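So that the names make sense, note that chain A is the first sequence line, chain B the second, and so on, each numbered from 1. From a predicted model like this one, the values you see are computed outputs, not experimental measurements.
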Number of protein chains: 2
Amino acid sequence: MKLYKGSHKHLVAVDCIIFAYDIAEKEIKLLLIKRSIEPAKGKWSVAGGFVQDDESLDAAASRVLKRLTGLDHMHLSQSSTYGSLNRDPGARVISVSYSALIKIQDLSPDAAGLYHAHWRSILKLPELIFDHGTMVADALENLREQIKRKPVGFELLPEKFTLVQLQDLYEALYQRPVDKRNFRKKILAMNILEKLDEKEKETSRKGAWYYRFIRERYQVLTRNGFYFNLDVN
Amino acid sequence: MKLYKGSHKHLVAVDCIIFAYDIAEKEIKLLLIKRSIEPAKGKWSVAGGFVQDDESLDAAASRVLKRLTGLDHMHLSQSSTYGSLNRDPGARVISVSYSALIKIQDLSPDAAGLYHAHWRSILKLPELIFDHGTMVADALENLREQIKRKPVGFELLPEKFTLVQLQDLYEALYQRPVDKRNFRKKILAMNILEKLDEKEKETSRKGAWYYRFIRERYQVLTRNGFYFNLDVN
DNA sequence: TTTTTTAAGTGTATAAAATACATTTAAAAG
DNA sequence: CTTTTAAATGTATTTTATACACTTAAAAAA
């Protein structure tokens with residue numbers, strides 16, 4: 001069956017904006033790739049790839065991400081689609097952007113070597129090719145909204161994390177200080193964290209208690225009309 | 001210049017979910033088209049078209065919308081992109097969905113005749129082709145969120161409208177009653193409406209005052225940190 | 001002309017949520 | 001045992017959200 005004859009076909013790419021959080025440096029980072037093909041070879045870009053004939057958009061994004069992280073499953077969501085005529089000087093390419101949230105250690109051995117992948121703070125991004133700067137800005141804006149209403153911050157932290165680390169993450173994303181007592185009051189009131197009986201002792205003498213996000217409890221609450229809300233003051 | 005050789009090309013479509021509000025019937029309506037080509041000829045769908053070689057995605061959506069409404073400018077925003085392998089049985093098509101908000105009277109003469117376009121209440125939608133049902137559900141969900149935080153409700157109403165009409169619109173979208181006094185208190189407190197000295201007299205003896213949305217004032221306020229918020233209780 | 005009918009318009013008291021803010025505690029180092 | 005450092009904690013105040021019922025305007029009917 002060969003329908004829709006006469007309609008133009010297009011190159012379609014997926015571009016993945018990969019976010020992680022660096023606990024030590026208290027910075028949100030983005031995985032950037034040194035581009036290996038023309039045009040713009042050697043310039044910085046986000047990770048991308050063309051959508052193949054036999055794969056869905058989501059599958060294409062997963063493939064690109066697996067190449068860099070080795071991970072099969074991760075927090076991945078479609079953001080926006082970019083289709084201006086001359087966004088890529090090499091050819092007319094329509095690009096679907098995806099946001100991925102991962103733990104900073106999750107990089108494949110190939111990532112640094114083969115793909116020249118590097119983590120860069122969102123505060124000090126180099127110039128990016130094409131409209132990747134816009135994609136990143138859009139994705140970041142989206143993440144800032146998402147993290148208020150969905151428990152996505154935990155995707156960027158290890159399984160065990162302290163409330164200090166969680167707050168630092170929010171502060172890094174919003175670039176403004178957050179009231180410690182109010183922040184803890186809000187997140188603990190949601191009743192979706194479990195306090196472990198273990199302390200993080202690297203960064204202070206006293207040590208800070210570890211917590212864990214209980215996804216199952218969150219899901220049960222959600223089914224009963226609960227809404228995650230961590231509006232930062 | 002012929003780069004990216006060997007990568008597959010795809011048919012790319014735009015599909016427009018066109019919303020309007022029927023004041024008399026107090027119903028949110030969707031513009032549906034009787035499909036004129038195979039596959040699924042004669043079935044209901046949203047308005048769509050293939051993206052041409054020389055037009056951006058936004059331009060393609062605008063073209064589709066102009067065909068039906070004759071309008072050059074309207075509230076139009078990209079929603080989501082759909083790319084499963086078999087979403088269209090006719091061929092592999094990747095589809096970018098757009099939401100449009102228009103006034104119900106804005107239909108081109110061709111719309112009804114040539115395209116068999118019909119307004120249908122979102123409460124009584126027929127079965128739609130392919131994944132158009134999902135597209136509509138996603139767009140509707142998006143609209144419900146948008147209308148809380150952005151002054152998009154006014155796009156669905158005439159220039160002059162009453163507070164009763166505005167509230168009815170919110171109630172139609174949420175399918176639940178809204179407290180009249182609290183609703184009016186909130187919207188008027190924003191100071192973005194101007195009370196006209198004219199009454200709407202069709203629907204009641206007493207008549208309801210007409211108001212007008214002052215976009216300029218909204219924009220000024222927005223620049224000064226104001227956020228539209230009409231969370232319905 | 002008075003009365004009835006109908007939908008528009010209005011205010012206040014209470015509850016809940018957001019915010020501002022400073023001291024105490026635990027633990028290691030000196 | 002004193003000092004140092006970051007973690008942990010509670011309350012009062014302000015702001016926002018909510019619940020709730022009567023009055024008013026105007027035409028239609030008596």
Side-chain angles (χ1 to χ4, degrees), chain A residues 23-26 147-149 157 160-172 174 176-212 221 225-233, chain B residues 23-26 147-149 157-158 160-172 174 176-212 221 224-233:
Chain A
I23 292 179
E25 302 193 13
K26 302 185 185 177
I147 207 167
K148 288 180 189 172
R149 315 264 171 237
L157 289 169
K160 300 185 294 187
F161 55 87
T162 70
L163 296 186
V164 175
Q165 290 168 349
L166 184 63
Q167 180 177 339
D168 285 348
L169 164 56
Y170 275 77
E171 290 182 338
Y174 289 110
R176 82 177 101 108
V178 169
D179 184 279
K180 193 202 269 199
R181 283 176 285 190
N182 295 335
F183 182 83
R184 295 163 93 102
K185 204 188 309 173
K186 279 190 192 179
I187 185 68
L188 290 176
M190 289 189 214
N191 212 30
I192 54 176
L193 296 189
E194 180 187 17
K195 186 181 188 170
L196 308 179
D197 51 5
E198 184 188 352
K199 277 187 168 182
E200 188 279 321
K201 308 274 296 175
E202 307 291 301
T203 41
S204 82
R205 304 202 228 285
K206 182 178 179 179
W209 291 107
Y210 274 124
Y211 286 78
R212 186 178 78 81
L221 287 168
F226 165 81
Y227 286 101
F228 184 96
N229 183 307
L230 200 44
D231 244 311
V232 137
N233 52 36
Chain B
I23 292 180
E25 302 193 14
K26 301 183 185 179
I147 206 167
K148 288 180 187 171
R149 316 264 170 237
L157 289 169
K160 299 184 296 186
F161 55 87
T162 70
L163 296 186
V164 175
Q165 291 168 348
L166 184 63
Q167 179 176 340
D168 285 347
L169 164 56
Y170 275 78
E171 290 182 339
Y174 291 109
R176 83 177 101 107
V178 169
D179 184 280
K180 193 203 269 199
R181 282 176 285 190
N182 293 336
F183 182 83
R184 295 163 93 102
K185 205 188 308 173
K186 279 191 192 178
I187 185 67
L188 290 176
M190 290 190 214
N191 211 31
I192 55 175
L193 296 189
E194 180 186 18
K195 186 181 189 172
L196 307 179
D197 51 5
E198 183 187 353
K199 277 185 167 182
E200 189 279 320
K201 308 274 294 176
E202 306 290 304
T203 41
S204 81
R205 302 203 229 286
K206 183 178 178 180
W209 292 106
Y210 274 122
Y211 286 78
R212 187 178 77 83
L221 288 168
N224 295 317
F226 164 82
Y227 286 101
F228 185 95
N229 182 306
L230 201 42
D231 244 312
V232 137
N233 55 34

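- Taking atom CG of residue B:L188 and atom P of nucleotide C:dG9, one finds them 10 Å apart after rounding to whole Å.
- No donor-acceptor contact under 3.5 Å links the side chain of A:D231 to the base of C:dA18.
- Nucleic acid contact class of B:T203 (heavy atoms, under 4.0 Å, all strands): sugar-phosphate only.
- Note: NZ (A:K180) to C1' (C:dA20) measures 16 Å, nearest angstrom.
- In this structure, of C:dC21, C:dT10, C:dG9, it is C:dC21 that holds the atom nearest to the side chain of A:N182.
- Remark: B:R184 is in phosphate contact with C:dG9, judged by side-chain N or O atoms under 4.0 Å from OP1 or OP2.
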- Apply side-chain contact (heavy atoms from CB on, under 4.5 Å) to the pair B:I187 and B:Q167, showing each step before the final yes or no. CA-CA 10 Å; B:I187 185 67; B:Q167 179 176 340; over 6 Å; no

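- The base of C:dT25 sits within donor-acceptor range of the side chain of A:K206, with an N or O pair under 3.5 Å.
- Between the P atom of C:dA8 and the CD atom of B:Q167 lies a distance of 10 Å, rounded to the nearest Å.
- Atom-to-atom, NZ of B:K26 to C1' of C:dA7 comes out at 10 Å; the value is rounded to the nearest Å.
- Of the candidates D:dA7, C:dG11, C:dC21, D:dA7 carries the atom nearest the A:V164 side chain, counting heavy atoms from C-beta on.
- Straight-line distance from the CE atom of B:M190 to the P atom of D:dA17: 9 Å, rounded to whole Å.
- For A:W209 and D:dT9, the CH2 to P distance is 10 Å, given to the nearest whole Å.
- Here the side chains of B:D168 and B:F161 are not in contact, with every heavy-atom distance at 4.5 Å or above.
- Nearest-nucleotide positions on DNA chain D for B:G207 and A:E200 put A:E200 closer to the 5' end.
- What separates NZ of A:K186 from P of C:dA20 is a distance of 11 Å, to the nearest Å.
- Inter-residue side-chain proximity for B:T162 and B:Y210 is flagged as met; some heavy-atom pair is nearer than 4.5 Å.
- The shortest heavy-atom contact between A:F228 and A:I147 is CE2-O, 3.6 Å.
- Taking 4.0 angstrom as the limit, A:K201 places a side-chain polar atom (N or O) nearer than this to OP1 or OP2 of C:dA28.
- Of the candidate nucleotides D:dA8, C:dC21, D:dC20, D:dC20 has the atom nearest to the side chain of B:D179.
- Between the side chain of B:R181 and the base of C:dA8, no donor-acceptor pair of N or O atoms lies under 3.5 Å.
- Atom C1' of nucleotide D:dT23 and atom CZ of B:R205 are separated by 17 Å, given to the nearest angstrom.
- The environment of B:E202 atom CD is sparse: at most 12 non-hydrogen atoms of other residues, nucleotides or ligands sit within 6.0 angstrom.
- Nearest nucleotide to the A:S204 side chain, out of C:dA18, D:dA7, D:dG10: D:dA7.
- Neither OP1 nor OP2 of C:dA8 sits under 4.0 Å from any side-chain N or O of B:K199.
- The shortest distance between side-chain heavy atoms of B:V164 and B:T203 does not fall below 4.5 Å.
- At the phosphate of C:dT19, neither OP1 nor OP2 sits under 4.0 Å from any side-chain N or O atom of A:K185.
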